[in-house]
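The sequence lines fix the lettering, A, B, ..., with proteins before strands; numbering per chain opens at 1.
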Amino acid sequence: MLLFLCKRFAGLIALLLILSALVFFFTRSLPGDVAALYIGGNAKAEQIEIARLELGLDKPLLVQYKIYMKKLLHADMGVSLRTHRPVFKDLMEKIPMSFELVFWALFIATFFGVFTGVAAAYFHGSLIDDVIKWVTSAAVSIPIFFLALLLQLFFFNYLGWFPLQGRLDSFLEFTHPIENITGFSMVDTLITGNLPAFFNVIRHMVLPVAALCVGPWGIIARLTRSSLLDIMEQDYILAARASGISEGVLFFVYGLRNALSPVLTVIGLSVAIILLSTFYVEMIFNWPGVGYYSLAAIISLDYTALMGVTLMIGAVYVIANTTMDIVRRVVDPRIK
Amino acid sequence: MINRAPDKNTPPDPLVKSTGEAAEKPVLQVCDLTLTFNTPRGRAHILEGVGFDLFSKEILALVGETGSGKSVTAKSLLNLIPGNTKEITGRVLFDNKDLLSLSDKELQAIRGGRISMVFQNPKSSINPIFTLGEQIFRLIRLYLPHEIENLKQKKGYSLKQAQEIIAKEKLNEVGLTDIKRMLRLYAGEVSGGMAQRYRIALSLLSSPEILIADEATSALDVTVQAHILKLMKDLCDKKKTAILFITHDLGIAAQICDRVAVMYAGRIVEIAATKKIFKNPLHPYTRGLLNAVPRMGKNVPLSFVPGIIPDLVNPPEGCRFHNRCDHAMDMCRKHKPAPKQVEGNHTVSCFLYQQ
Amino acid sequence: MARHAHSYETQAKQVNREHRKVKWFQLKRLLRRKAAFVSLLILVLALMSAVFAPLIAPYPNQGRGEVNLEHRLKAPGSDYTLGTDIYGRDLFSRVVFGARISLFGGICIVFFAALIGIPLGLWAGYNEGISGALISRLVELFLSFPATLIAMAISILIGAGWSTAIIALIIPWWPWYTRLVQAEVLSIKQTLYVEAAQMLGYGRLYIIFRHILPNIMTPVMVMILLDLGPAIITIGLLSFIGLGTQPPMADWGLMVWEGAPNILSEWWISIVPGCAMFVVVIAFNVFGDALKEILDSNG
């Protein structure tokens, strides 16, 4: 087991290194003059030269890479070409904002996804199963940007249940502003006893989280269902049934345990899906998180910010997958 | 069907005639078992009128080629056939109850407890993500709670220790050693032979009255096969368990079985004591089977039964073997032969013997 | 990226089955199911609209992008059946022409990804030597990073545009085919008849094409079908943020983006192309699922 952990951890480090190298070469291959973009506006030739020296662009590639890696290890990702602030600082501010959405989306998708999949498998062949099959098919087929807009249209415009955008009603920004302690709105409002803001934030979170969790919910539900159905046909289930074990135990103990492994894999995948979906959801709902920041970076060709964002998302993905790998090994001893 | 004088407690069975021999009630009576499936191509008649008796302490072989329905017969005894497109009629009498009419809960009480089953693929019959120990402990808790209590009260063992002790004893009985290590292994880490011994131990935990062995040795090496066969025979002798031994291999049947029932295309065609069947096979199919066993020696031609088993969605009317039979008569094409007792305890379903 | 989950579904099942070629009677059975039939109908309709766009669209030039500023932002009505967009273009025509771009784009991506990925997978699966291991490592590397992110990065590198977006998407897409095919080949290699062919002395390529390929076609076809939906969506994702199709050419994703600022008032501009995308993708998924069920129960 320890050997397994070491191997996985080593793999993780290797992937992170490869990721950083790829991102480095990505930024160095970009079209346009980085130095000129850095200065922005009508830059004079000398200013561009100074910028070039500052950014170390005159040195050989390998040396640049070394500098880049050194800076990374000191959490220095350069300065955003758009906001002119250190990218790292920008990200640190935005991460808690996005984290709230991502966390709840992942939690809901996983919890309800597994629940739905189990229900569908348990009532296999009945109307419930059919309905679930249809709804999950729709859930995995809907483009995220379309879903977000649809939610706004229905739940804000027509039904008026939830607010359109942002994190807090503008009115409340004045009367009950959120003190920035941890950066997590829900946490901050709670610990400062700012209940009106707390509930308001939750109202604002409903639609974005809904948009984020629908796709992964569908994926997890379908996978849980198909895994369970497949497992219940296996030899060992038949043998266990012949040994006198009750159907309930067979389904919920044997069946579920065996079905966990592929589901864990897909949870890691869902993290990536949700992360990338935040680009669109945060833009449409005007939620100032990492996704919004990333999109702004793409549109304004803010290369340093892009680099930071790619590193971050890539790293999160790799870590999430490795974690899922490890958890799977605990659950399923067949994995080596 | 073997004929015995009816016991007073036996429900009147029109298929059992009396011959005045010593009354011994079979522990399992299968009467007229018929199974059909609805497939996309039509209704498949998998089993038709299958009937045989199993007596306690005997080993009955159910022999047939692939597709003859022997595995299906075994599984339907305990209603283990999946799918809701099936129809089963007939009776399976066990302890004065018809197993086919029991509810799931009642059946569950009998499965594993009074009637156990061992399957063809031992390794895939063990849940791969639980240790062997966890799985045997579960069954020990289920079937031997009194022994656990015993050990806990009298010897002061903990639950875990009691389970281990019982497991050790039962696994030793099937010839397994180094139990402590084995209990921590997973299905993928043991050999086929070990796995099958383990499965046999599991099935005999509850000292069942009947053990159904569905091709239990077919997936094992020949040498391992011999051991497992001997093991089963010894254990069942000791525990007085009847065995229904399903196989496609006549040779194996000859080694340990007292009686043999031959199946073809979903029907039983002949039942007799092992020696009798080998010495004097009556049904043309049985003869063909026996002839097909390769003989050592020079210039002995390899014989076989020409043709293939019939399509069960459109089975032939009449005897299902007639299109491959050397002795087929007109009657065979149109009518189904009923089982007839020819000599003492030798039953055959063939028009050759029904004049 | 939802497509990845489908491949996990396939791999979650044991690869212990005998794969057979698709038989015609299976296709007939498939069509007997209502869901499969309806979805196939929808797909054929979409394909027809794409191919015959200039004939179907009431305002083909507007469909291609010509502006019509006097009639901007008109609600669905008699003149313009589905309304007009911010440039006054008839939305129905736009969507029909968008079908060309979205559908064709999706087909291109999947086609080339399969074209590259399948042979590599065949090779890697059959030769377990160094070349096979190298391919495996490469596939693992690609799959360790989020595909859409890779595509976005490449798109930024080589410039935005429809064709560049497609190329950018093919690059992270092909490893999925390689992995699937490699796994299938490995499992089939174990079966005796391939060994038999080897013993009979048939050459490598012959064995691959005659024996292995037909048997892996089933899961590969299913993957291709189930991939088309996600491919269309992913192009839409790139177009929505400006990395894909550029105006005046528009795929459905770009059209949704164009209508997004006006979603609350002139909702049809975004909703119509969005629905088109949604419906087509559902059709692909439902049909693919039905096909998979039929093939699985016979395989």
**Student:** Please step through side chain to side chain contact (heavy atoms under 4.5 Å, CB included) for the pair C/Val281 and A/Ile142, ending with a clear verdict.
**Tutor:** CA-CA 8 Å; C/Val281 172; A/Ile142 192 164; over 6 Å; no
**Student:** For C/Ile232, which atoms come within 4.5 Å of any heavy atom of chain A: side chain, backbone, both, or neither?
**Tutor:** neither
**Student:** For A/Ser137 and C/Asn285, work out which heavy atoms get closest and say how close.
**Tutor:** O-ND2, 4.4 Å
**Student:** Show the nearest heavy-atom pair for residues C/Pro146 and A/Leu276, with the distance to one decimal.
**Tutor:**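 C/Pro146 and A/Leu276 have their closest heavy atoms at CB-CD1, 4.0 Å.
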**Student:** What distance separates A/Ile144 CD1 from C/Leu237 CG, expressed to the nearest 0.5 Å?
**Tutor:** 8.5 Å
**Student:** When rounded to the nearest 0.5 angstrom, what distance separates CG in A/Leu150 from CD1 in C/Ile271?
**Tutor:**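 A/Leu150 CG to C/Ile271 CD1: 4.5 Å, rounded to 0.5 Å.
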**Student:** Can you tell me which portion of C/Leu243 sits under 4.5 Å from chain A's heavy atoms? Options are side chain, backbone, both or neither.
**Tutor:** side chain
**Student:** Among C/Gly242, C/Ser144, C/Ala283, C/Ala35, which residue forms the greatest number of heavy-atom pairs with chain A at distances under 4.5 Å?
**Tutor:**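 Between C/Gly242, C/Ser144, C/Ala283, C/Ala35, the count favours C/Ser144.
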**Student:** Kindly compute the distance separating CH2 (C/Trp257) from CD1 (A/Ile284), expressed to the nearest 0.5 Å.
**Tutor:**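 Spacing of CH2 (C/Trp257) from CD1 (A/Ile284) equals 12.0 Å.
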**Student:** A/Leu15, A/Ile231, A/Val318: which one forms the most heavy-atom pairs within less than 4.5 Å of chain C?
**Tutor:** A/Leu15
**Student:** Counting only heavy atoms closer than 4.5 Å, note whether A/Tyr280 contacts chain C via side chain, backbone, both or neither.
**Tutor:**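 The answer is the side chain of A/Tyr280.
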**Student:** Should we count CZ of A/Phe112 as having more than 12 external heavy atoms under 6.0 Å?
**Tutor:** no
**Student:** Kindly compute the distance separating OG1 (C/Thr148) from CG (A/Leu275), expressed to the nearest 0.5 Å.
**Tutor:**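 Spacing of OG1 (C/Thr148) from CG (A/Leu275) equals 11.5 Å.
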**Student:** Starting from the C-alpha separation in whole Å, work towards a yes-or-no answer on side chain to side chain contact (heavy atoms under 4.5 Å, CB included) for C/Phe278 and A/Leu147.
**Tutor:** CA-CA 9 Å; C/Phe278 183 34; A/Leu147 176 65; over 6 Å; no
**Student:** Between C/Trp267 and A/Leu149, is a side chain to side chain contact (heavy atoms under 4.5 Å, CB included) present by the stated rule, with each step listed?
**Tutor:** CA-CA 9 Å; C/Trp267 53 268; A/Leu149 289 171; over 6 Å; no
**Student:** How long is the gap from OG on C/Ser270 to CG on A/Leu153, to the nearest 0.5 Å?
**Tutor:**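 Answer for the OG-CG pair, C/Ser270 versus A/Leu153, is 9.5 Å.
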**Student:** Would you indicate whether A/Phe26, at its atom CZ, is surrounded by more than 12 heavy atoms from other residues, nucleotides or ligands within a distance under 6.0 Å?
**Tutor:**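 Yes.
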**Student:** At a 4.5 Å cut-off on heavy atoms, which part of A/Leu22 comes close to chain C: side chain, backbone, both, or neither?
**Tutor:**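 Side chain only.
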**Student:** Might you confirm whether atom OH of A/Tyr254 has over 12 heavy atoms from other residues, nucleotides or ligands at distances under 6.0 Å?
**Tutor:** yes
**Student:** For the pair C/Asp289 and A/Lys133, find out whether any cationic side-chain nitrogen is under 4.0 Å from an anionic carboxylate oxygen.
**Tutor:**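 No.
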**Student:** Is it the side chain or the backbone of C/Trp252 that comes within 4.5 Å of chain A heavy atoms, both, or neither?
**Tutor:** neither
**Student:** Test side chain to side chain contact (heavy atoms under 4.5 Å, CB included) on C/Leu264 and A/Leu164; report intermediate values, then the result.
**Tutor:** CA-CA 10 Å; C/Leu264 297 178; A/Leu164 178 69; 3.8 Å; yes
**Student:** Quick one: does A/Phe146's side chain get under 4.5 Å of C/Cys275's, heavy atoms only?
**Tutor:** yes
**Student:** For the CG atom of A/Leu295 and the CD1 atom of C/Ile241, what is their distance to the nearest 0.5 Å?
**Tutor:**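 Going from CG on A/Leu295 over to CD1 on C/Ile241, the span is 5.5 Å.
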**Student:** Is A/Ile220 in contact with chain C via its backbone, its side chain, both, or neither, using a 4.5 Å heavy-atom distance?
**Tutor:** neither
